[in-house]
Amino acid sequence: SSLAWLHLFCRPSSFSSTQLREALPSVLEPAAMAKGWASPVNVAVALAVGGGLLRGAWKTWAPEAAVQQAETGEDIALFTHADKQLHCLDRELRHPCVKELRSYIDARDIPETKALALDCIKDVLAASTDYWELKNMTHLLLDLDTVDHVFDADGRDNEFVMTGIEFAKKLMEHPECLDDFDEKGELECRCVPLFAKVSTLKYKNAGMIEEAKELYSRVRNLAWNGKVRQYAAGEAVPWDDFMHTPQIWVRGLRSQKVWPRETWGDLPICKQLEDNFETIREETAKSLHTDADSYGDAYRFLYSKGEWNNIMLYHKRQFTDECEAIFPKTCALLKKWLPSKPGLPWTSDQNEQVMVIKMKEGTDVETHSGPSNNILNIHIGISGLEGAKLIIANETYTWEEGKVIAWDGSYDHRVHCLECKQDRVIMMVRYMHPDMAPEHYKGSERTHFEDIPKEMQ
């Protein structure tokens with residue numbers, strides 16, 4: 001799944017009132033704290049009194065329960081794997097308000113159905129203290145799991161999307177979400193930075209920059225005093241820029257949006273691609289003519305109009321059948337170059353990948369960013385490049401045939417082909433940051449992607 005990094009499943013766990021007092025004020029809306037509805041004392045009391053109910057609810061909304069109830073035929077969700085509507089293969093998306101939301105989706109132009117759906121989800125938002133319910137409603141309303149755009153189809157700033165962000169904020173205040181700072185190491189995907197990133201991106205794509213900055217600042221200044229780990233304000237989520245917010249942050253790496261040619265001594269892949277461009281171009285052109293059906297839909301959740309397709313050549317340390325059969329000469333070269341740092345664990349299944357990407361004219365991809373700051377994107381332009389734009393942290397770049405652009409995919413970026421004359425085609429190599437070394441894994445047992453060898457921990 002191209003969004004595998006989004007699906008963070010937390011374990012139910014205990015949470016002390018001391019941790020709650022110290023974590024919540026820096027995450028919660030100040031206005032909400034002032035009103036008292038979400039004060040640390042109130043939440044701690046609610047957890048103490050209602051713990052049994054909370055655990056029962058967790059079982060109800062957890063993915064395992066969703067599978068069990070799906071087997072009974074109960075209408076538990078708007079979208080299912082059976083109908084090929086979800087791209088996250090490892091879970092169903094159970095949630096409340098199914099009847100009301102289905103009525104709205106079936107009749108979007110009827111004000112009454114919209115009002116009933118909004119009333120239902122806002123009632124759930126106000127009342128729920130269930131981790132899985134909050135999480136699933138976040139995923140649902142922010143279109144994180146669905147193949148197609150649903151709730152943001154008529155605008156990125158509508159009430160459903162904004163309510164989804166409020167679910168995300170409440171989720172980030174939840175003890176089980178905050179407890180990831182104790183339960184998970186720094187190289188794993190933790191709940192707060194994940195949903196803070198998602199929410200700030202949603203605000204940015206809605207044009208709500210001040211709201212995005214406010215949330216960024218609040219999360220960036222979060223402190224944590226847990227049983228296992230302690231972080232001073234600004235250390236729990238150590239982002240270094242408003243446009244640089246990956247959910248996994250590896251400390252001690254160089255941060256630069258674009259890696260200029262003078263740094264390519266650290267990135268041998270750049271020269272290797274340029275030196276072998278004729279082979280890459282020849283096999284790509286042939287693939288587009290004779291194997292066009294091998295190109296599949298790429299990142300459909302990131303755009304609503306147009307067409308964006310790719311063919312994967314290298315993924316999860318495996319060279320694909322398509323690489324061997326359709327790009328045999330290029331594949332032979334890639335096998336000499338990758339992996340770039342054998343023996344070092346990957347933080348994500350995207351840590352190193354190779355794909356050829358085709359974008360149809362008229363396609364406009366929204367602002368997004370990669371999962372970790374230890375992954376660089378290496379692009380080489382192949383064909384149809386006129387009019388195509390790559391925007392990284394609000395700076396615009398273009399591709400040139402046979403030339404490489406090396407840049408950090410964990411910065412905010414978007415791409416569009418609104419002024420293209422024909423389909424834009426490039427090759428992208430995702431490449432491990434050259435600063436990564438064994439010492440970056442010290443103190444961690446695993447990354448989000450895999451276990452870390454004992455000798456590196």
Side-chain angles (χ1 to χ4, degrees), residues 2-3 5-6 87 142-144 148-149 151-158 161 165 194 196-213 215-216 239 241-247 255-259 297-310 350 353 355-373 375-382 384-400 404-421 423-430:
S2 55
L3 257 193
W5 49 271
L6 266 176
H87 58 68
L142 297 184
D143 288 327
L144 302 183
D148 296 315
H149 288 268
F151 292 102
D152 66 0
D154 58 349
R156 300 297 194 258
D157 60 351
N158 67 58
V161 176
I165 293 175
L194 172 63
K197 165 191 169 164
V198 168
S199 300
T200 54
L201 284 170
K202 290 294 179 179
Y203 274 140
K204 291 170 184 176
N205 281 302
M208 302 172 68
I209 303 303
E210 291 308 312
E211 289 82 354
K213 287 181 177 178
L215 180 56
Y216 168 84
W239 295 331
D241 190 271
F242 174 59
M243 297 186 194
H244 196 200
T245 59
Q247 61 266 37
S255 290
Q256 47 188 349
K257 289 174 281 189
V258 174
W259 287 62
D297 203 5
Y299 314 114
R300 187 66 187 85
F301 52 91
L302 290 176
Y303 67 101
S304 55
K305 295 180 181 178
E307 193 173 310
W308 200 15
N309 303 109
N310 70 358
Q350 298 182 18
Q353 285 182 325
M355 66 188 80
V356 175
I357 309 174
K358 178 179 66 172
M359 177 172 286
K360 199 172 189 62
E361 53 193 288
T363 306
D364 188 8
V365 176
E366 67 184 34
T367 299
H368 59 287
S369 63
S372 175
N373 67 323
I375 305 171
L376 303 184
N377 289 349
I378 316 296
H379 286 190
I380 186 165
I382 298 177
L385 307 174
E386 183 181 354
K389 299 291 193 300
L390 170 65
I391 299 97
I392 308 167
N394 287 343
E395 295 183 13
T396 300
Y397 302 85
T398 57
W399 293 269
E400 294 181 52
V404 159
I405 304 174
W407 54 286
D408 188 335
S410 62
Y411 280 89
D412 289 358
H413 60 275
R414 58 183 287 254
V415 58
H416 71 72
C417 218
L418 296 175
E419 301 166 18
C420 292
K421 308 300 182 185
D423 291 355
R424 184 225 63 173
V425 182
I426 65 166
M427 173 176 280
M428 177 170 75
V429 179
R430 287 197 171 110

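Please read all numbers here as calculations on a predicted model, not as lab measurements.
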Mind listing the closest non-hydrogen atom pair of [X] and [Y] along with its distance?
X	Y	result
Gly409	Asn377	CA-ND2, 3.6 Å
Ser255	Tyr411	CB-OH, 3.5 Å
Gly381	Ile426	CA-CG2, 4.1 Å
Leu201	Ser369	CD1-OG, 4.0 Å
Asp157	Ala206	CB-CB, 3.8 Å
Ile165	Leu142	N-CD2, 3.8 Å

Does the side chain of [Y] come within less than 4.5 Å of [X]'s, by heavy atoms?
X	Y	value
His244	Asp408	yes
Val404	Trp259	no
Ile391	His416	yes
Lys202	Asp152	yes
Val415	Arg424	yes
Cys420	Met359	no

- request: Evaluate side-chain contact (heavy atoms from CB on, under 4.5 Å) for Met428 paired with Ile378, printing each intermediate quantity in order.
  value: CA-CA 6 Å; Met428 177 170 75; Ile378 316 296; over 6 Å; no
Under the rule for salt bridge (Lys or Arg N to Asp or Glu O under 4.0 Å), what residues qualify as partners of [X], not counting sequence neighbours?
X	result
Lys358	none
Asp364	Arg414
Glu366	Arg156
Glu386	none

field: Criterion side-chain hydrogen bond (donor to acceptor under 3.5 Å, both in side chains) against Lys204, the qualifying member of Thr245, Asp412, Thr367
entry: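 The residue from Thr245, Asp412, Thr367 that satisfies side-chain hydrogen bond (donor to acceptor under 3.5 Å, both in side chains) with Lys204 turns out to be Asp412.
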When you measure from the side chain of [X] to the backbone N and O of [Y], does any donor-acceptor pair fall under 3.5 Å?
X	Y	value
Asn158	Phe151	yes
Lys197	Gly370	yes
Trp239	Pro246	yes
Tyr303	Thr363	no

Point-to-point distance, once rounded to the nearest 0.5 Å, from [atom1] of [X] to [atom2] of [Y]:
X	Y	atom1	atom2	answer
Asp297	Glu307	CG	CD	7.5 Å
Leu390	His413	CG	NE2	7.5 Å
Glu400	Ile380	CD	CD1	11.0 Å
Cys417	Lys389	SG	NZ	9.5 Å

- request: Apply side chain to side chain donor-acceptor pair (under 3.5 Å) to Tyr216 and list each qualifying residue two or more places apart in sequence or on a separate chain.
  value: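 Here no residue qualifies.
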message: Restricting to side chain to side chain donor-acceptor pair (under 3.5 Å), what partner residues turn up for Gln256, sequence neighbours left out?
response: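 Gln256 satisfies side chain to side chain donor-acceptor pair (under 3.5 Å) with no residue once adjacent residues are dropped.
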query: When the ring planes of Trp308 and His368 are compared, do they come out parallel, tilted or perpendicular, using 30° and 60° as the limits?
result: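 Taking His368 first and then Trp308, their aromatic rings stand perpendicular (interplane angle over 60°).
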